[in-house]
Amino acid sequence: MFNLARNELYRLFLSPLAWLILALSTLILAYLFLTHIDNFVQIQAKISAIAGAPGVTELIIVPLFSNTATILLLITPLITMRLIAEERRNDSLPLLLSAPLSIYQIAFGKFFGTLGFFIILLALICLMPLSLSIGSAIDYGVISAALLGLVLLVASFSAIGLYLSSLTKQPAIAAMTTFSGLFLLWIIDWAGTNQMAGESSGLFNWLSLLRHFETLLQGEVNSSDIAYYLIIISLFLTLTIRHLDSERLN
Amino acid sequence: MTTTTLLKADGISRYYGSHRAVDNVSFEINKGEVLGFLGPNGAGKSTTMKILSGNLSPNTGEITINGYDLLSQPKQAKAHIGYLPEQPPLYKELTVIEFLRFCAQINNISPSKRSQAVNTVIERCGLTDVSNRLIANLSKGYQQRVGIAQAIIHTPAVVILDEPTSGLDPIQIREIRQLIRDIATEHSVILSTHILPEVQMLCDRVQIINQGQLIFTDTIATLSQYMQASNLLVTLVNPPSITTLQELEGVITAEQVSSNRFRLHYHPEHNPTETLLNKAVSLQWKLTELSPEHHSLEDVFMNIIQHESSAKPESM
């Protein structure tokens, strides 16, 4: 399973796509990071007098991580689209299917390989806020919670992307459906919150990927949010395994 | 000689929708045997190969590989098979050596033995010169070799090769056949093809599949009997009248193909070649061509199908 994950990661880095995604998303986030710092410097003088005013963590790091989540939403489909769809297209899937591997090992291997890539990306992005610790005090608790949130978020993205990639032979279709699916889950709570009554739809709220991420971003680690992500991940991994298995039968 | 059955397929059937691609096929392969699967395109060869390699599940029937049931113990069973599909399954962005190392990993070769297994297989398949090149840049023949290397890296008991020579040029075909013969010394091989001479050259036993059903299972020698040509093509510069040819001993009918080319149909047990040669010399017919006419695969199929339907099928 880990051999498979390692191979997946290695092959990812053989394509220019992975490098390009790493470089461009770091570039965009670095620019956003600078604008957040700029904003902070401008208002710093005004808020420094207020006791308990938001600091560097709240005004720079949390918005940066929030931007990161949006960027991840955009790039995950590009990474996950090739997972199974491309293997199918290149006729290389029989290699894995006729090896002494069970389907769950194949699905998990691909999942962890993708996750490995995103952890590298997150590690790069993390360096930016950490560089602030040279000149300022930052709240490591909030950062860790937000980072945990990002990892769980991107793991759910990857699981959803993996499943949708297993359904088709065309990577482009996998990318498009993944993007739509993720985006829908991202904004699904809008239907609830837009109601004037104030009492929003509980189900839609609960389904929203963003809603659960926001609490983690504020430094609040609720077991219900973590459970939500774990449920999403295991649901889509199971669906992938089921689908690949049923493909042999039908 | 004691024989060990390595792979046994028992009554496997596979439907695609209502289309029956493989219909109640049963056979077995013994240790050290090369089994040829012969059939026209669309006969169900590839489907059978996919089922044997665990890429497809049969709707009915069971497959036992080296004592393990492929459906209930897939992991153990798959460890004993190597499979090369029609399209070699390769990661073309890797180099040959990287790819084979990965194959060694997923086939559970212990880390200490991996590099040795990779080296052995590179040497056996003649990949030494290209081992550090990207698979994408190799010729089709070399890619096919990498595909074969991938199938034998874990020294499986049974190697399944699905049309290993399709799409190659004649020199590559010869090299791949040589490689298969080489592999056959250590592994049992199941080979599917639609090329008759390939089967004659490589296989000990042959099975003919048509429309999903096994219609013939026997040794190569028996197949050759079916194929024995009972036609002679002759070209004579000074041909006699066609009746003279017809009256030659053993000839059933003589047919004029062109002004001095004839086809002689004869009794299989009564070959008129010698009589014809003697007469041609003594009567100065000036023989310039004498060739036995080979049966094409289609003829053999027709022959066997007719034979099977006239005599009740005894072996299923």
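Proteins come first, then strands; the chains are lettered A, B, ... in the order of their sequence lines, and each starts at number 1. As the structure is a prediction and not an experimental result, all values here were calculated from the model.
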Is atom CZ of R242(A) surrounded by more than 12 heavy atoms (other residues, nucleotides or ligands) closer than 6.0 Å?
no

Distance in Å, N55(B) CG paired with E247(A) CD, rounded so as to fall on 0.5 Å steps:
10.5 Å

Proximal component of L14(A), with respect to chain B [non-hydrogen, under 4.5 Å]:
side chain

In terms of heavy-atom proximity below 4.5 Å to chain A, should Q150(B) be classed as side chain, backbone, both, or neither?
side chain

Y91(B) and L95(A), any side-chain heavy atoms less than 4.5 Å apart
yes

Take atom CZ in R20(B); do more than 12 heavy atoms of anything else shown fall under 6.0 Å from it?
no

Against chain B, residues from residues 69-93 of chain A with at least one heavy atom under 4.5 Å, in numeric order, are E87(A), D91(A), S92(A)

If you round to the nearest 0.5 Å, how far is CZ of R11(A) from CG of L94(B)?
6.5 Å

Should we say atom OH of Y31(A) is surrounded by more than 12 heavy atoms from elsewhere, each under 6.0 Å from it?
no

Taking atom NZ of K45(B) as the centre, does the number of heavy atoms from other residues, nucleotides or ligands within less than 6.0 Å exceed 12?
yes

Would you give the length of the straight line joining atom CD of E93(B) to atom OG of S15(A), rounded to the nearest 0.5 angstrom?
7.5 Å

Would the number of heavy atoms belonging to other residues, nucleotides or ligands and lying under 6.0 Å from CD of Q170(A) be above 12?
yes

By a 4.5 Å heavy-atom criterion (distance strictly below it), what part of E98(B) contacts chain A: side chain, backbone, both, or neither?
side chain

Heavy-atom pairs under 4.5 Å with chain B: which of P100(A), A99(A), P94(A) has the most?
P100(A)

Any side-chain heavy-atom pair of F99(B) and N7(A) under 4.5 Å:
no

Given heavy-atom pairs under 4.5 angstrom as the criterion, report whether the side chain, backbone, both or neither of P85(B) touches chain A.
side chain

Closer than 3.5 angstrom, by distance alone: can the side chain of K78(B) be matched with the main-chain N or O of S102(A) as a donor-acceptor pair?
no

Any idea which heavy atoms bring S53(B) and S98(A) closest together, and the distance?
O-CB, 3.7 Å

Which residues in residues 100-116 of chain B have any heavy atom lying under 4.5 Å from a heavy atom of chain A?
F102(B), C103(B), Q105(B), I106(B), N107(B), N108(B), R114(B)

